[in-house]
Each structure stands twice: as structure tokens, then as C-alpha cells.
Amino acid sequence: MATLLNRAAQAAAGYLEGVRSRSVAPSAEAIAGLCALRGPLPPEPASPEAVFNLLHEFGSPATMAKTNGRFFGFVTGDCLPAALAASWLVSTWDQNAAHHAQSPVAAQLEQTAIEWVRELFGLPAGTGGAVVTGATMANFSGLAAARHALLERAGWDVEADGLFTALPVTVVVGEEVHQSVVKALGMLGLGRKRVVRVPVDGQGRMRADALPHLDSMTILCLQAGNVNTGAFDPAAAICPAARAAGAWIHVDGAFGLWAAASPEHRKLTKGFELADSWATDGHKWPNIGYDCGLVLVREPAILRATMSIQAAYLVHTEQRDPSNYGPELSRRARGVELWAGLRSLGQQGIAAIVERTVRHARRFAEGLRAAGFEVLNDVVINQVLVSFGTPEKTLRTIELLQAGGVCWCGSTVWQGRTAMRISVSSWATTSEDVELSLAAMFHAAARE
Ligand SMILES: Cc1ncc(COP(=O)(O)O)c(C=O)c1O
């Protein structure tokens, strides 16, 4: 076992050393090489060394080099050294995080990490939550708690009796709601289409003056950090009246809520602390590695009533059992990586990642504007949208940029305009990476 693990450590270290100098996107040859991993399951066993070698030889080259500081696609964090090392240990421990009785360490570290995040976000004392796979499941869990609370007020036990013949719940979202919220609403039987959409401004922020009637049977979904522009809904203008009306306020803050950790950018998150539930990701801005999301609920008893699971064979103690707060029963002890990553950064380190990546995003915007390209958004955090001209020219520039291998950016359509997205979310991105990437963008745009 020790020989195998040493071999794995050596291969992983070699991968990390090489990843900075290789093309960000895998080559066509590397992707073609994946055929070595296909085919029927062989009848005979293979040695762990042989399997590992096969995986490293053909799998590693076919990865996206997203840990090299120059991957700017989607909203993709990296994996901090402490979180990576912790994930090796977590895999070695092979803990089931379902119950305190099955894994005291997993249960304890998860609870501590949740409390750290609550404090970083400035959320009310007593707020609790769960560690889930990502913001999609965090949105699902927060909205499940909302559904429970509203219907309970109306005298209906939705977990016991389902939704058929229950009183209708109205869900209000902004026009620029993230599709993961919409997907979660579909999974919860609240309907992907059965939502009231509030108009937004040019940055994608919900217009506070255009809100519909809200009452105690309404779930209002706000957004802290639009996936394209990074913009924040005006929570301070919306939440007091929404609370007074008895609506449940849910916040999708997959990455944006982490701005609260920075004294410089905290003001953007003002008002979101008035919500009832919050969804966020550890694998985006804090760079915890996949898969790591968090749901937080002002009254954790509601989350517990929504998610709890009992069976004679399951061992419950007086301690907090993670499976009573999230959608899964058995699962990886993913809170350990979250604990380790946050512990290694401390409050200052988290603020530093936020502030550094925002500075990099602003430099991208400034460099692109200076070169004559149109930046479509106000760069309030780490997201930049740029047009290189016509939709065709922008898409062709992105294609050439990705093929060039220096960095990787994706495309989007922002309020009718085709754009390239730059999301600076990695702790590892340096100023040199930004300048190299800007040069690659100019080169791609000139070649088009
Ligand atoms: C605002 C927002 N919400 C939700 C999500 C979904 O997150 P995940 O992919 O972790 O499920 C994203 C992903 O980028 C996002 O930006």
C-alpha cells in the first residue's frame, strides 16, 4: 500500500509541476488517448499499480489544466494545498459523514466549518446548515426548507403528504436567476415555469421597484453574484419589506456571498443577512476543490424537519447528525476539506483571494478596453464580459484562444450580446498570468 500511495503522491506532484507549462485545454491527441480506458470490463483482475499507471498515463493528459491559474471558464475555483492534502486523508479515512456515530471527526469538522462560513458572511447567530455537493444542491436544500416552512404555516405537512392539493406557493425570481435555482424548483415540484419573474437592470440586478405583491406564501429568490456580470440584487432595498410581508427569502450566493469576507467588498452583500436561507459553494471562490457546497438556514430546525431521516438501524445520538440536515444519507466527509482550506487561509487569506481576484478582473477589463474592445459589465467582483465585435468575431476569438492553450475562457449571451466570459476565481492566478492571458486574447482577436 505504501509503495502505491508514494507512487500516487509522486504522480500528483509531477502533474502539478507540469500543469503550468502545458496547454490549458487538453490536446486532441490526449483526448483520443482516452480510448485506452474504454472497452469492456476485463474478466481478470489487474494490480492496483497497473490501474493507477493506466489512469495517470492516459487520464492526466486529458484533464483540463484548471489548476494552473489561467483557467477562467464558468466560475471555477482551484484546490488549495491544505484542501488537497486533506482530501487525500479523507479518502484514506473513508468516513461516512452520515452520522456522528459513524464519523465523529466528519460531523465535528463540518459543523465547525459551517459556523466559520456563517461568521464570514455575517449571518445571524444560530444559523445552521449542511455541506452538500454544490450550489445546485444548496439551492435545492434551502428551497426545500422554504417549501416546508410556508406550507407548515398553512397547516400542511409537505414531507408527509406531498404537494398535490396543498395551497399554492408563489416563487419570485429575477429575470437573470441562475438556472440551478430553476432546476431546484423543478425537482421540488414547485415548477420550473411556475415562477414570477422580476425585471432586471442592465447588470442583471432585480429591480426593487418592480417587485410583485409578496406574502407569507411567497418564496423570494435573490442573487448575490450574477454568473455573468457578478452583480448583486439590491438586498438592502428589498429584504426589509419582504420580511415584513412574511415572505421566505432565499439567496443564491454561489460565489458572491464570499465578498462578505473582504472589508473592501463587503458592502456588496449588505442586506442579504436578512434572508432565511443561503446557498453557496466552497469549490468556487474559496478554492476548496470539488465537490463542496453549503446550505445555511436561519432556523436550522426547519432544515432538520425537511431533511431528517430515521430508521431503526440508523444510530442517532444527542449529537448533530449531518444526514438530518442535507439531502443525502451516506456520503463523503467533504466538510473536512472545507475545514482544512478555510483553516489554512484564515479570515485574512479568504479576504486576500477575493481582493486579488477582483484586482485581476479589473486589470483584464482595463487591458481589454485599452485595446479597443467593449467590456459589457461593471466589474464589481471577479467577472468580466467582453465583446470582440460581431457575435461571429467574438466566438471565433474564443475558439482561437482556447486552441492557443495559454488560457481558457468560455462564451455567453448577455442580454442579447454574445460575449466572452472571464471569471477569475483561482487562488493561483498571478499578475503574470493575467498579462500572458491578455496578450493571448489580443493575439486571438488579431488572428480572427
Ligand atoms: C450564481 C450561481 N448559482 C448556482 C450555481 C451552480 O453551482 P454548482 O455548479 O456548484 O451547482 C452557479 C454556478 O456557477 C452560480 O454561478
Side-chain angles (χ1 to χ4, degrees), residues 64 66 71-79 83 117 121 129-144 171 173-188 192 195 200 203-206 220-233 235 249-260 268-269 272 275 277-296 326-328 331-332 334-335 337-338 341 354 357-358 361 377 380-385 408-414 419 421-426:
M64 181 68 81
K66 67 173 272 294
F71 183 83
F72 304 115
F74 313 97
V75 183
T76 306
D78 192 331
C79 188
V117 175
F121 289 1
V131 178
V132 294
T133 46
T136 301
M137 282 317 288
N139 280 322
F140 171 85
S141 305
L143 291 166
V171 182
V173 300
E175 268 303 342
E176 287 292 343
V177 62
H178 192 273
Q179 287 306 310
S180 64
V181 170
V182 177
K183 176 174 175 172
L185 292 170
M187 290 195 285
L188 287 163
R192 289 189 182 217
V195 290
V200 295
Q203 298 299 314
R205 289 176 293 234
M206 189 183 274
L220 171 64
C221 300
L222 298 184
Q223 183 167 249
N226 177 283
V227 72
N228 284 310
T229 63
F232 291 67
D233 284 340
I249 307 170
H250 173 75
V251 179
D252 175 9
F255 59 104
L257 278 176
W258 294 92
L268 291 167
T269 63
F272 287 101
S277 56
W278 302 265
T280 195
D281 265 325
H283 56 225
K284 291 193 169 72
W285 232 351
N287 285 249
I288 301 301
Y290 290 100
D291 42 24
C292 182
L294 279 117
V295 60
L296 294 145
E328 298 129 328
R331 66 169 170 80
R332 181 181 167 78
R334 59 174 81 94
E337 287 113 310
L338 179 63
V354 168
T357 48
V358 175
N377 65 315
V380 286
I381 49 170
N382 59 339
Q383 310 292 310
V384 185
L385 296 179
W408 200 98
C409 295
S411 65
T412 192
V413 177
W414 175 248
R421 295 179 69 257
I422 307 172
S423 174
V424 192
S425 306
S426 167

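Throughout, numbering of the chain's residues begins at 1 and tracks the sequence. First listed ligand is number 1; within each ligand, the first listed atom is number 1.
The part of S180 lying near ligand 1 is the side chain, judged by heavy-atom distances below 4.0 Å. Of the heavy atoms in D252, only side-chain atoms (C-beta onward) come closer than 4.0 Å to ligand 1. Of all the heavy atoms of M137, none lies under 4.0 Å from any atom of ligand 1, so neither backbone nor side chain is involved.
Residue contacts with ligand 1 do not include F74, since none of its heavy atoms lies under 4.0 Å from the ligand. Distances from ligand 1 to the non-hydrogen atoms of G225 include at least one value under 4.0 Å. Distances shorter than 4.0 angstrom occur between a heavy atom of H283 and an atom of ligand 1.
Using a 30° and 60° split on the angle between ring planes, W258 and F121 fall in the perpendicular class, above 60°. In this pair, F71 and W408 present their aromatic rings parallel. The plane angle is below 30°, not in the 30 to 60° band.
Residues V200 and Q223 form no side-chain contact, since every pair of their non-hydrogen atoms from C-beta on lies 4.5 Å or further apart. Counting only heavy atoms from C-beta outward, the side chains of N382 and W285 approach each other to under 4.5 Å. By the 4.5 Å heavy-atom criterion applied to side chains, E337 and Y290 are not counted as neighbours.
Within the set H178, Q179, Q223, K183, the minimum heavy-atom distance to atom 2 (C) of ligand 1 is found for H178.
When V251, L222, N226 are each tested for a side chain to side chain contact (heavy atoms under 4.5 Å, CB included) with D233, only one passes: L222.
In terms of polar-atom proximity, A254 is not counted as a contact of ligand 1, lacking any N or O under 3.5 Å from an N or O of the ligand.
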